[in-house]
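First comes the structure, then the notes that go with it.
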Amino acid sequence: MRRAEESSPFRKPFSMAAAPLRFRGMPRRSRFVVYALVFISFLYLIPRMHLGMGGTLLFFLISPEAAGPYGGGHKVDILRYVDPLIGTTNGGHVFPGASLPYGMAKAVADTNSHAENAAGFVSDNSEILGFSHMHDSGTGGQPSMGNFPLFVHAGCPEDDHKQCVYSLMDRPIARVNGSAFAAPGYFSLNLTNHVRAEMTVTEHTALYRFSFPGNDTLTLKSDDPLRKKDVDITYSPIILVDLVDLMNSRSTGGIQVYNQSGRIVGEGQYQPSFGAGRYNAFFCADFKGAAIRKTGTFISNNATEGVNFLDGVGNGFYIPSGSAGAWIQFEKPVENNHEIMARVGVSFISVEQACDNAEREIADYNFERVERHCCRHRIIRGRISCGIIPPSHTSTRKSLPKTADAGRLTCRRFYCIWDSFRAQHPLLTIIDPPAQTDMIRALIDIYRHEGKLPDCRMSFSKGYTQGGSNADIVLADAFVKNLTDNIDWDTAYKAVLSDAEEEPQMWGVEGRGNLESWHKLGYIPWDDIDTNGTGPMSRSISRGVEYAYDDFAISLLASGLGHDADAKKYHQRGSNWRNYWNPQQADLYREDPDGPVLKTKFKGFMQPRKLDGSFRYENTRACSPVHNMHICYYDTHLSSYEGSPWLYSFFVPQDMDSLITLMGGPDAFVERLNYFHTSGISYMGNEQGFLPVFQFHYAGRPAISSYWARSYIPSLFNSSVNGIPGNDDCAMGAFSAFAMMGFFPVAGQDVYLLTPPFFREVKIKAKSGGNKWAVIRVKNFDPEGRRIYIQSATLNGRRYTRNWITHEFFIKGGILEFVVGEEEGKEWGRGEEGRPPSWYGDEDFGDWDGNKGVEGVDAEEEERQAGRRGR
Ligand SMILES: *[C@@H]1O[C@H](CO)[C@@H](O)[C@H](O)[C@H]1NC(C)=O
Ligand SMILES: *[C@@H]1O[C@H](CO)[C@@H](O)[C@H](O)[C@H]1NC(C)=O
Ligand SMILES: *[C@@H]1O[C@H](CO)[C@@H](O)[C@H](O)[C@H]1NC(C)=O
Ligand SMILES: *[C@@H]1O[C@H](CO)[C@@H](O)[C@H](O)[C@H]1NC(C)=O
Ligand SMILES: *[C@@H]1O[C@H](CO)[C@@H](O)[C@H](O)[C@H]1NC(C)=O
Ligand SMILES: *[C@@H]1O[C@H](CO)[C@@H](O)[C@H](O)[C@H]1NC(C)=O
Ligand SMILES: *[C@@H]1O[C@H](CO)[C@@H](O)[C@H](O)[C@H]1NC(C)=O
Ligand SMILES: *[C@@H]1O[C@H](CO)[C@@H](O)[C@H](O)[C@H]1NC(C)=O
């Protein structure tokens with residue numbers, strides 16, 4: 001399924017280039033002056049390549065009013081090229097609804113698509129559960145939030161409110177096929193019950209416009225076999241608000257409807273989708289456009305008129321559907337074009353805050369004004385949106401800890417850093433440094449108030465740690481790229497030291513585990529006894545290679561801050577990955593379960609190790625698409641997390657030279673990395689898959705990185721609704737953005753690996769300000785995508801032989817120009833001096849001998865596991 005093309009430059013001559021890229025409706029040269037063409041096609045492609053508003057690259061979108069070479073003069077409505085529905089099937093879990101960049105309100109229709117609706121809406125044929133106001137884009141696992149959905153009936157049978165359905169079990173209704181439409185800041189959908197729903201948002205408030213055909217009697221068609229016959233309803237709309245969330249996790253809640261004003265307020269306590277504890281959420285809904293006829297509440301399908309208050313309603317056995325809420329029945333909204341407006345303010349603090357947010361942000365219920373504000377101004381100004389949301393602002397600040405940053409916009413919720421550290425944060429560092437700087441400050445604040453940095457922070461709760469304490473890498477990355485604005489680096493340093501030195505009691509939600517052994521033995525023994533804390537005691541390889549890289553990141557910070565002894569100590573620990581290297585380990589597999597055990601030529605893999613120093617065998621391919629793909633998700637008995645030992649055997653970004661040596665030298669390394677991509681062991685739907693696309697650079701073969709980037713885009717990353725290969729996590733889009741722009745970050749280091757951009761020219765405003773730009777240009781660009789290998793390069797007119805650049809380019813600006821060809825270049829980036837830095841020399845290892853002669857692998861176990869398949 002995830003298998004890439006079998007052909008690769010490794011197996012075939014280099015003229016076997018990736019298929020030409022063709023994109024429908026690409027602007028034609030004749031229509032624009034040359035530089036506009038380049039830039040516009042860039043704008044056109046990037047947003048379409050992936051991401052909706054929930055993880056998107058809108059930063060290049062320059063407003064029609066903007067000054068500068070690509071601003072005024074070329075009035076192009078670039079927003080119409082953004083398709084938020086990309087990634088809304090096939091497990092992409094992209095949120096396609098209405099949202100401001102980093103906004104708290106994220107409105108969309110929620111679909112009844114079990115295991116797919118993590119972000120609310122899915123482009124499939126499932127029914128609609130309602131319309132809710134808060135979501136996370138791209139999460140894996142359980143659906144996130146989706147609290148307080150609205151649901152709308154145009155009327156009830158026999159004009160009797162008791163004959164309408166209220167419960168989540170019964171109310172789901174089909175959409176009109178093909179009616180879902182999404183644009184930045186806007187989402188709409190027609191339901192088969194004659195209701196049309198449109199939505200837009202401000203920072204903390206969703207605004208809905210529900211419209212009706214206006215007929216006195218309407219027929220509900222019985223497409224549904226359960227609904228035996230067509231039913232006539234009498235036009236008199238009912239809008240209900242349900243206290244459920246998408247996960248149906250409510251432990252308690254309450255709701256009140258005011259029968260004069262029609263205001264409905266409520267609250268509930270819910271579970272974060274990937275974290276511990278509970279969070280509280282509040283809403284405040286108001287309506288406009290029709291007179292109130294009746295009000296009441298409901299529990300499951302039992303609607304009671306005149307009972308306007310419910311309290312203490314959890315999701316207990318007495319409400320099997322979880323549904324409990326309030327409703328209003330309206331007179332016909334004859335005035336205003338048969339429309340009813342619903343305005344829903346949300347808050348994590350209180351009902352008062354929710355109402356205050358709504359009244360302040362949308363006093364006039366003017367849908368067009370809100371939508372225009374949302375898209376035409378806010379978004380164009382150039383920020384990107386993702387699941388990393390700072391919903392705080394002043395309105396949610398109250399209940400949060402007082403901080404040194406008080407008064408600033410600070411990001412309080414992080415999605416999981418394990419997912420976002422590799423591409424998303426580095427992308428923000430380039431395109432939105434103020435936002436990234438805010439997030440750095442927020443991380444430090446979280447350390448101040450929680451005692452530890454988070455690895456994940458869902459809905460204000462501690463999220464689950466997937467591997468290492470990778471906030472250390474995010475901090476180091478920001479540090480080496482000179483983000484400074486009001487960042488307290490001394491406290492940041494204390495925070496990373498705490499990760500490295502002090503094991504928390506519950507290391508499943510913060511910090512690291514098995515630290516005593518990590519310090520003493522330099523690895524996490526498979527059979528370790530950890531008396532300092534508890535957590536999921538598996539994943540010893542993947543945690544180990546991540547702890548090593550985290551420690552390396554700490555050494556960069558230490559060295560930059562002048563803590564020389566620490567720098568040395570953590571640099572040393574950064575080499576601990578070597579303790580997992582079993583040079584004897586073969587790559588064993590079976591073609592079919594009863595067939596013979598086969599062996600590739602590759603030898604030497606990361607393997608779990610026991611307290612006594614011996615290795616324990618684990619299938620090198622376990623948990624890859626070719627072998628039991630899903631057996632290592634979260635806490636399992638396996639030593640690698642969401643990926644195989646094959647994959648983790650490449651995760652040594654700090655010490656690639658040593659890894660290449662252990663793998664048998666550059667040629668053997670290239671052969672192995674190519675096999676990884678051609679064999680199907682690589683999986684691009686998860687973030688650890690990104691860096692191995694570009695690691696050919698370390699062996700002096702940047703052309704092969706380019707080959708694979710061009711192969712995965714568009715074969716796995718493209719502009720169709722299924723065009724994202726795994727749940728977005730904010731990072732799938734960041735991967736394609738970097739890959740298409742022609743530089744990929746080695747997160748945590750001041751290193752970007754260069755490949756030819758997919759465009760004639762990429763221009764990014766330099767951070768130093770003024771009219772300076774960082775420009776990457778392809779001199780003999782080939783729109784057909786055949787010339788994809790760099791032959792030579794110049795930086796500001798001077799020959800440039802490195803296959804990587806540093807962040808200085810994006811700070812100072814400059815012009816990096818490539819000449820490309822159809823064959824792998826003979827020189828550029830190939831020699832020792834052209835390769836990216838590897839931070840360890842032989843002197844760092846003393847008498848380390850590559851674990852020569854290690855014993856203890858059980859041959860029978862090896863044989864047995866080689867063929868283990870399926871579940
Ligand atoms: C929508 O289309 C699907 C097939 O693509 C079909 O199964 C379903 O019944 C259709 N729904 C409606 C409401 O027409
Ligand atoms: C949705 O409903 C509106 C209003 O009734 C109508 O104009 C529009 O054509 C409908 N769209 C689809 C795709 O059915
Ligand atoms: C509403 O009434 C008009 C005029 O009778 C009719 O043409 C239309 O089909 C009706 N719409 C619906 C949804 O029943
Ligand atoms: C509205 O609610 C108030 C107080 O709950 C009650 O006294 C009054 O009768 C209600 N009015 C209607 C029209 O239901
Ligand atoms: C419906 O709810 C009302 C008020 O909460 C309650 O008195 C009544 O017993 C319920 N009816 C059923 C059938 O559960
Ligand atoms: C483990 O616990 C012991 C005893 O409380 C303590 O001295 C030691 O520092 C702890 N180790 C770590 C790494 O937190
Ligand atoms: C787009 O990407 C998806 C998933 O990543 C893939 O299944 C599909 O084949 C790709 N489509 C094209 C046209 O390459
Ligand atoms: C960051 O600042 C240091 C010290 O001022 C400087 O040496 C370094 O080049 C800067 N790095 C970047 C990426 O600008």
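Every value quoted in this text rests on a predicted model; they were computed, and no experiment measured them.
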(request) Please say which of V241, V351, N147, L150 ends up in a side-chain contact (heavy atoms from CB on, under 4.5 Å) with F283. (result) V241
(request) Indicate the atoms forming the closest heavy-atom contact of F274 with C456, along with that distance. (result) CD2-SG, 4.0 Å
(message) Main chain of S323, side chain of D242: is a donor-acceptor contact present, judged purely on distance under 3.5 Å?
(response) no
(message) Tell me whether E368 is salt-bridged to R209, with the criterion being a basic N under 4.0 Å from an acidic carboxylate O.
(response) yes
(message) Testing the 3.5 Å rule here: is there a donor-acceptor pair between the side chains of S300 and S167?
(response) no
(request) Please examine the side chains of F367 and L207, heavy atoms only from C-beta on, and report whether any two atoms are closer than 4.5 Å. (result) yes
(message) If you define the side chain from C-beta out and look only at heavy atoms, does anything of P172 sit under 4.5 Å from I128?
(response) no
(message) Going by salt bridge (Lys or Arg N to Asp or Glu O under 4.0 Å), name the residues that satisfy it together with K462, two or more places apart in sequence or in a different chain.
(response) E450, E510
(message) Regarding D136 and Y415, do their side chains bring together a donor and an acceptor under 3.5 Å, going by distance alone?
(response) no
(request) Classify the angle between the aromatic ring planes of Y279 and Y270 as parallel (below 30°), tilted (30 to 60°) or perpendicular (above 60°). (result) tilted
(message) With rounding to the nearest 0.5 angstrom, report the OH to CG distance, Y258 to D286.
(response) 11.0 Å
(message) Quick check for you: to the nearest 0.5 Å, what is the distance between K221 atom NZ and T192 atom OG1?
(response) 11.5 Å
(message) Measuring only between side-chain heavy atoms, which start at C-beta, is F151 closer than 4.5 Å to V165?
(response) no
(message) Using a 6.0 Å distance limit plus a 45 degree cone around the ring axis, check whether R293 lies over the aromatic ring of F330.
(response) no
(request) For E158, look at atom CD and say whether over 12 heavy atoms of other residues, nucleotides or ligands are found less than 6.0 Å away. (result) no
(message) Which heavy atom of A290 sits nearest to which heavy atom of E331, and what is that distance?
(response) CB-O, 3.5 Å
(message) Do the side chains of D364 and R343 get close enough for a salt bridge, i.e. N-O under 4.0 angstrom?
(response) no
(message) Under the rule for ring-ring contact (aromatic ring centres under 6.0 Å, His included), what residues qualify as partners of F210, not counting sequence neighbours?
(response) F131, Y208
(request) Determine whether the side chains of K294 and H161 contain a donor N or O and an acceptor N or O closer than 3.5 Å. (result) yes
(message) Does either side chain, that of Y235 or that of H338, offer a donor lying less than 3.5 Å from an acceptor on the other one?
(response) yes
(request) May I ask you to decide if T111's main-chain N or O and N117's side chain share a donor-acceptor pair within less than 3.5 Å? (result) yes
(request) Side-chain contact test, heavy atoms from C-beta onward, threshold under 4.5 Å: evaluate it for H204 versus F348 and give yes or no. (result) no
(request) Not counting sequence neighbours, which residues clear side chain to side chain donor-acceptor pair (under 3.5 Å) with T205? List them please. (result) E361
(request) Give a yes-or-no answer on whether the side chains of N722 and S720 include a donor-acceptor pair shorter than 3.5 Å. (result) yes
(message) Is a donor from one side chain sitting under 3.5 angstrom from an acceptor on the other, for S251 and Q269?
(response) yes
(message) Please tell me whether D232 and T219 have a donor and an acceptor in their side chains that are separated by less than 3.5 angstrom.
(response) yes
(message) Quiz question: by atom type and distance under 3.5 Å, do the side chains of D110 and H135 form a donor-acceptor pair?
(response) yes
